[in-house]
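None of these values were measured; they are calculated from a predicted model. Below, chains carry the letters A, B, ... as their sequence lines are ordered, and counting in each starts from 1.
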Amino acid sequence: MAARVLTVTSGKGGVGKTTLAANLAVALAMQGQRAVVIDADVGLRNLDVTLGLENRIVYDLVDVIEGRCRLRQALVRDKRLSELFLLPAAQTRDKSAVRPEDMMRVCESLREQHDFILIDSPAGIEQGFRCALAPADEILIVTNSEVAAVRDADRIIGLIEAEEQGPARLIINRIEPDMVRRGEMLGIADVVELLSIDLIGVVPEDKAILVATNRGQPLAFSSDSSLARRAFHNIARRLRGEDVPFMTLREPRVWERFFRFVRSGRD
Amino acid sequence: MGLDAITIKGIRQGLLVTLGEGDWSAELRALEARIGASPSFFRGGRIALDVGSRGLSRFEIEEARVLLARHQVELWAVASTNPVTEVAVQELGLVVFIEANLGLPHPSASEAAPEEGEELSVEGLVVRRTLRSGQSLRHPSHVVVIGDVNPGAEVVAGGDIVVWGRVRGLVHAGALGDEGAVICALDLAPTQLRIAGYIARSPEEQRRKPVPEMAAVRGGRIVAVPWHGGAQ
């Protein structure tokens, strides 16, 4: 079966695209999928650091495109999962080194050998974004529950619609349930209502994600039962077509349980 | 005279401006005067220029492009029945606009030329999608949007604007100077509301239950009146 190409993008920087792409790739590979993740952020590469594979890079995406190596030579196999590969970006070049048709050619050659090709898009709406978007079968829009990130996500969705690409699905990242409840951030429902595309995942803010990323050991690997880790694995399962219900992001408090109990007694 | 001879029509790709029969430099001056009369309508827009049967050089077309660029208007296409002009247009990297295969089927682009003395086509434009951040819709006549106008999107119309959905972006009705234009929406919570030369912001109150509203200029300012059904 030929691979599906998924582009992870957001418009705004700093919403957690790279961390999400790394964790989704890990989760997919742990679920037995053959996954490649491509760093399309040429000149500002960091997916390799997130995955802890920095010191294994020999060739990169630009080397492949410019014919200095074969595609297979540039793929970095993960040290923990044999079915997970990274195609790193060049660090010493810039976005002009890659054209949309180059990305399409690279993805075409990867399709046969893998199940999922994830592309980590750079922020912005310029050439780098265009290259990451060109080969996409599906698009994952990442946003936070803050007004600026949602506005940029809306812009990106508009551009994708204009290119007649998609479907685009939404991941709300780094959500703080307590702040949403206090009305200090947009709620999940507000974001989905404004962007009006399908929601495929909600990832709660968790400091463990940052710690794991800094160690080059994405949280999706860990064996703990944190909500964030479960969220990554749930998104991966939904990408594979499973119907996974959305989890509640925190345990209900004692008095809330009590009220629910009282209410259900009345009905 | 030039000023009256210029007509503006809304087409799918933006605006189609048809110049009169006069001398080229006179027509350009007339075009500039026309833009100067309602700059906010044209600013940021894209124009296809219909130059009729006149034969133009690259230099003359470039002149028009520079003039438009000075008013922040992009010239993207030129319509002409003259082969010399068409070649010059292509050499400049612009599109040769052919009404028959671009922007159609679209009533406001395909209908017969406006009647004598009537500057704008009267047909409205119906847009059946949500306008997202960064998207801009410009039309010389009325606009109906079936969908939302999200924050960061803008609708600029010479006539009325009706939105069957939420308005959270910028809407400007009567942008060619018509103070009688109105804006109607199911939920009117725009970033900014403009009618002709008037500008208003939404009141900074708590979000209430959305009620359909109509905004119009009354007594020198923009007033929004909720619609509650029943007799008005």
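Salt-bridge check for R129(B) with E161(A): failed, with every basic side-chain N at 4.0 Å or more from each acidic carboxylate O.
Across I160(A), I157(A), L194(A), L159(A), a single residue satisfies side chain to side chain contact (heavy atoms under 4.5 Å, CB included) together with R132(B), and that is I157(A). Only one option out of D152(A), D154(A), V150(A) pairs with S133(B) in a side chain to side chain contact (heavy atoms under 4.5 Å, CB included); it is D154(A).
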